[in-house]
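Counting starts at 1 for both ligands and their atoms, following the listed order.
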Amino acid sequence: MAQVPLIPRAHRRAVDDDPPRIKRVTRGIFNVVCDLPAAGPLVSFALPSKEDLRSYAVCAQSTWRLMCEAFGIAPGTFLSFTLWSLWLAVAPALSVYLCHTILDVIQKTVTSGGHLDYDVSELRLLILLWVMVEASSVIIYRLQENLALKLTGLLKVSFLPRLASANLSLDVKYLRDNQQSVIHSGWSSHENIRGLDIIQCLFTRLRDTSALFLQFYTLCCIILLSDNPNIHVLVYFLLTYSTLTLLKNAIGTQGFMFFTDNEDYRRQLSLHTMIYNKGHGQPNYRHTIAKDGVGSYIADAYARTSEALGAVPETPWYLATRPHSMALYWIEAIQSFILDHPLSLLALILPSLSASSVATMAFFLYSATRLRRSVEAVGAARNTGSIQSTMRDADRLYEVLDNVHTAGLEQGSKRYPTEESSPMGMKLSFRDVTLQYGAQSGPALKSISVDINPGQLILLVGSNGSGKSSLVNLLLRVVEPSSGSILIDNVPLGDYDVESLRESMTFLSQTDTVYPLSIRENLLMGSPYASPDLEKLEAAAKAGGCLKLLQKRGDAIVDPPIIVSQSFNQGAIGQASRDYVMLRDKERNVICLSEGQKQRVVAGRMFYRAKNTDFDLLVVDEPASSMDASAERNLYSEFLNVRKEKTTIIVAHHFQPLVKQADMILCMANGKIVQRGTHDELIHDENGAYAELYNAQSAGSAE
Ligand SMILES: Nc1ncnc2c1ncn2[C@@H]1O[C@H](COP(=O)(O)OP(=O)(O)OP(=O)(O)O)[C@@H](O)[C@H]1O
């Protein structure tokens, strides 16, 4: 028996030369691409409103919980992160204080004619302390950035699989009623899980705000306690400087895009899309996943890729603005030390600075530089609303994880098949079933009563909108009847465990989607836990009409999710980087299928399931609407081969090839079964809806 690898081999390619109009930074598994040159708007600075504060209070509990969880996952990282934050909040004020003390001594010495009223070694010690405070701040700042990424990455490893399982355990009905998946996927705005970065966000803001506040406080104390006659200059200078810095507070404003050639990452993106897509113009996979019962397979695969990827550093802003080589990284660190703290170095070389005005101005300059950095850091947070929204996201994370199991469909514990079940398949009984989708719409099904016996082949026909799909979807419980009851083997549908019922059905519907995975894996998903078997796979593909596609492009990924893109700080993504990333994406082993080809793949998947599982009900709902006539005919004959004489319902518009085999034909119009019987019985009623549909087809094929 030939074994097929379920997961396609990694497809890697060398990174080629960049076009001249873009700049690319490679960081870890990612490439960040932006247009040149950069220019951008100013950033405004805003204090939190009362609304913001109220919202913080509401979400504080979840934030605290997330912090406790982070502490539990990585106590060392969390504590270091907290301690570094604390240090960085206090260090600027401490530096300002040390600077003032040192310069004050020097100034007094100069004004007293060179008499130093201070122990020289003590002064040297103070200077050394000052330099150490500054130097350690620069290093710790960088360490803290790395710790923040690590912490978010570790949290992600823990949260991703839990969220995936939570999302997949929700019933389609819940999703339909609530119009949402368990959590809004942040993947489309890059792969952070929204809310998980709250610790980083909160600590950074607290750090920067406290640093600013403490510096103001220290300066105020210095101003009040100092007998320096230049005090008014100091106040004037600092206020003007701070105000100017607040007004002109632009950080990098370029828009940028990402791409990566990492196959684990790309696969996880595909799986993520399958788990979280809600429709709205994108394919909605939930219906197909629920029907095929592949939720736990996807959750497992998701957990595996998540583990394989590990704690990938993925903060776009950070990635895009970081120097891209270690040498540059340290050059920038030294540069920033020299540029931002020149006086500490100067004081180290020249401990006996003279002239009082020089000492005073040096202190002005120093405290202004320090203050400028803190003001910039607070302003760079763009707007304080993002703390609020990040806290809300953290709150939503827990809301989802805590409540997900109560949100699903009401169901019983009875497993299918029961002792009464027939080896010929399910017995279905509809009793006065009515269905209305919403208060605004009219009934889609009206008083449907019908019995379908084990082993029967039922043909469900009717014009568009007559209620055929609604009727069969009731069996999957993706919609619930508004009134009436449905029994399977004389047991109400609601008494069964939904998963076991779905496992006993093989259901091909017109809304089935092709997953953004390889063609081969798409087919294998029909029965993901069966040992992969090439012969069965090819037989299924042949029955579905996609054998050539499988043989030629089995590894190609179907319609993979669009490359992750991101712009920050309102900067637009440049056209050159957009073109470049799109072009690279096209060059990958991906495939775009026509609607007819998609239907063939979906049908192939159903056949693979049918060949690998013991189903008790086969439902086929208009699976060939985009196929050509001969493919459609072949497909129907394959259905008849594969049904194993089990209860089968086929919904079809072009039903002529099936009428002779059907045990009963149900003809629907306006939500009602208007005629029922065999072909020979129904065709005689020339004015009946059935004869009309049948004759219309005959006329069509004669033409
Ligand atoms: N999810 C939904 N929400 C609201 N109304 C719906 C929904 N699905 C179907 N309907 C409505 O229910 C009615 C029956 O639709 P249904 O899809 O069951 O018909 P159908 O006979 O299968 O049609 P077709 O042959 O075109 O597939 C239609 O009026 C349709 O607009």
Side-chain angles (χ1 to χ4, degrees), residues 170-181 277-291 409 428 430 433-450 452 458-484 486 505 507-513 595-596 598-599 602-603 606 618-627 632 635-636 639 648-656 658-659 662 664-676 688-690 692-694 696-697 700:
L170 278 184
D171 202 272
V172 173
K173 181 181 173 295
Y174 170 84
L175 296 176
R176 181 169 294 167
D177 293 350
N178 291 275
Q179 287 295 307
Q180 60 188 14
S181 57
N277 256 15
K278 304 184 275 185
H280 303 309
Q282 302 162 316
N284 187 345
Y285 303 99
R286 293 305 316 284
H287 184 279
T288 318
I289 290 171
K291 180 188 70 70
L409 197 67
L428 308 171
F430 292 80
V433 171
T434 307
L435 170 67
Q436 186 158 5
Y437 281 102
Q440 312 299 332
S441 53
L445 295 175
K446 301 171 196 160
S447 298
I448 301 284
S449 292
V450 63
I452 297 171
I458 306 297
L459 194 55
L460 196 53
V461 302
S463 53
N464 289 126
S466 55
K468 305 180 295 298
S469 300
S470 302
L471 187 65
V472 290
N473 280 339
L474 285 170
L475 296 169
L476 278 176
R477 297 199 67 193
V478 292
V479 281
E480 294 281 77
S482 313
S483 65
I486 301 167
M505 300 177 184
F507 203 112
L508 177 60
S509 107
Q510 55 182 311
T511 55
D512 279 352
T513 44
E595 285 309 306
K598 283 183 186 168
Q599 286 193 341
V602 167
M606 187 226 81
L618 174 69
V619 181
V620 179
D621 178 8
E622 191 57 41
S625 51
S626 302
M627 289 188 195
E632 188 178 12
L635 197 65
Y636 285 136
F639 289 137
T648 301
I649 303 175
I650 299 182
V651 180
H653 284 295
H654 303 135
F655 53 84
Q656 263 189 354
L658 298 164
V659 294
M664 176 162 63
I665 297 171
L666 301 175
C667 181
M668 295 190 70
N670 299 322
K672 286 185 179 167
I673 299 178
V674 289
Q675 281 183 294
R676 64 185 77 192
Y690 177 77
E692 200 176 313
L693 288 170
Y694 186 85
Q697 273 179 75

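The atoms of ligand 1 that sit less than 4.0 Å from any heavy atom of Ala444 are 12 (O), 13 (C). Below 4.0 Å from some heavy atom of Ser463 lie the following atoms of ligand 1, by number and element: 21 (O). Close approach to Ser470 involves these atoms of ligand 1, each under 4.0 Å from a residue heavy atom: 14 (C), 15 (O), 16 (P), 18 (O).
When heavy-atom distances to ligand 1 are checked against a 4.0 Å cut-off, His653 comes that close only through its side chain, counted from C-beta outward. In Gln510, the part holding a heavy atom less than 4.0 Å from any atom of ligand 1 is the side chain.
With sequence neighbours excluded, the residues that form a salt bridge (Lys or Arg N to Asp or Glu O under 4.0 Å) with Lys598 are Asp559, Glu595. Partners of Phe639 according to the ring pair (Phe, Tyr, Trp, His ring centres under 6.0 Å) rule, which considers only residues two or more places apart in sequence or in another chain, are Phe607.
Contact analysis puts Gly467 in contact with ligand 1, with a non-hydrogen atom separation below 4.0 angstrom. Contact analysis leaves Gly442 out of contact with ligand 1, as no non-hydrogen atom separation drops below 4.0 angstrom.
For ligand 1, the polar-atom distance check finds no N/O of Gly462 at less than 3.5 Å from any of the ligand's N/O atoms.
Judged by distance alone, the side chain of Lys468 and the main-chain N or O of Ser463 form a donor-acceptor pair under 3.5 Å. The backbone N or O of Ser482 lies less than 3.5 Å from no partner atom in the side chain of Gln436, so there is not a single donor-acceptor pair. Without hydrogens or angle criteria, Lys291 side chain to Phe507 main chain gives a donor-acceptor distance under 3.5 Å.
Among Asn464, Asn670, Leu435, the residue whose heavy atom lies closest to atom 24 (P) of ligand 1 is Asn464.
When each of Val674, Leu666, Val659 is checked for a side-chain contact (heavy atoms from CB on, under 4.5 Å) with Tyr690, only Val659 meets the rule.
More than 12 heavy atoms of other residues, nucleotides or ligands shown are found within 6.0 angstrom of NZ on Lys446.
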